[in-house]
Amino acid sequence: MADNSSTTGADAIDVAIAQGIDFDGTPIDPKKLDLYSSVMALEAGRQRSGVTNTMRSRIVRIGAKHIPQDELNQKLLDAGFAPLKDKDIAYYYSK
């Protein structure tokens, strides 16, 4: 995975995991892959609460890395989602 285009985008991590090779070309330790696979299998079997709840969670989790708190909060409101909660702010913005 030497070229940079393979290290960007939403699925770059999943592709690397499936190949068992980190972005720098080194193999991922099989113990790490096994643990990851077992935890992801547990998550795959979990009942979901709803699509819009998951969308909001992803927007907050990822958006907080890229968008200032006040701006993300306004974007959530503008899109009809619930605003940032105290726990969102404490976790994502109080570091």
Side-chain angles (χ1 to χ4, degrees):
M1 300 190 87
D3 98 57
N4 285 344
S5 66
S6 63
T7 63
T8 59
D11 64 341
I13 297 292
D14 293 330
V15 170
I17 291 167
Q19 294 175 345
I21 301 173
D22 207 330
F23 291 149
D24 64 3
T26 60
I28 300 170
D29 183 321
K31 290 179 185 175
K32 291 178 180 177
L33 287 170
D34 288 346
L35 176 58
Y36 179 84
S37 295
S38 67
V39 170
M40 292 302 106
L42 293 170
E43 180 65 8
R46 183 174 64 87
Q47 180 63 43
R48 304 296 179 204
S49 59
V51 174
T52 56
N53 289 340
T54 300
M55 287 173 61
R56 184 194 176 281
S57 294
R58 290 178 180 176
I59 290 166
V60 171
R61 177 173 42 91
I62 296 167
K65 297 175 188 176
H66 306 283
I67 304 171
Q69 177 183 331
D70 291 340
E71 185 179 342
L72 180 57
N73 194 54
Q74 189 60 53
K75 288 178 178 291
L76 288 167
L77 292 169
D78 291 347
F81 286 108
L84 290 170
K85 300 172 185 172
D86 289 342
K87 68 178 186 175
D88 297 327
I89 295 166
Y91 187 79
Y92 294 109
Y93 287 103
S94 298
K95 295 180 180 180

For a quick test of your reading: what N or O donor-acceptor pairs under 3.5 Å do the side chains of residues 73-87 make, sequence neighbours left out?
from, atom 1, to, atom 2, distance (Å)
Asn73, OD1, Leu84, N, 2.7
Gln74, NE2, Asp78, OD1, 2.7

Donor-acceptor pairs are to be reported for all side-chain atoms of residues 37-45 against protein atoms at under 3.5 Å, with residues two or more places apart or in another chain.
from, atom 1, to, atom 2, distance (Å)
Ser37, OG, Leu33, O, 2.9
Ser38, OG, Asp34, O, 3.4
Ser38, OG, Leu35, O, 2.9
Glu43, OE1, Arg46, NE, 3.1
Glu43, OE2, Arg46, NE, 3.2
Glu43, OE2, Arg46, NH2, 2.7
Glu43, OE2, Arg48, NH1, 2.7

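The OH atom of Tyr93 sits 9.0 Å away from atom CG of Asp70, with the distance rounded to the nearest 0.5 Å. Atom CD of Gln19 is separated from atom CD1 of Ile17 by 11.0 Å, given to the nearest 0.5 angstrom. For the atom pair Ile62 CD1 and Leu72 CG, the distance stands at 11.0 Å (nearest 0.5 Å). In this structure, Asp24 CG and Thr7 OG1 are separated by 11.0 Å, a value rounded to the nearest 0.5 Å. The CD atom of Gln69 sits 9.5 Å away from the CG atom of Asp88 when rounded to the nearest 0.5 Å.
Tyr91 OH: 12 or fewer foreign heavy atoms inside a 6.0 Å radius.
With respect to the salt-bridge test (charged N to carboxylate O, under 4.0 angstrom), the residues Asp22 and Lys32 do not qualify.
Contact record, Tyr92 with Ala64: CB-CB, 3.5 Å, taken as the closest heavy-atom pair.
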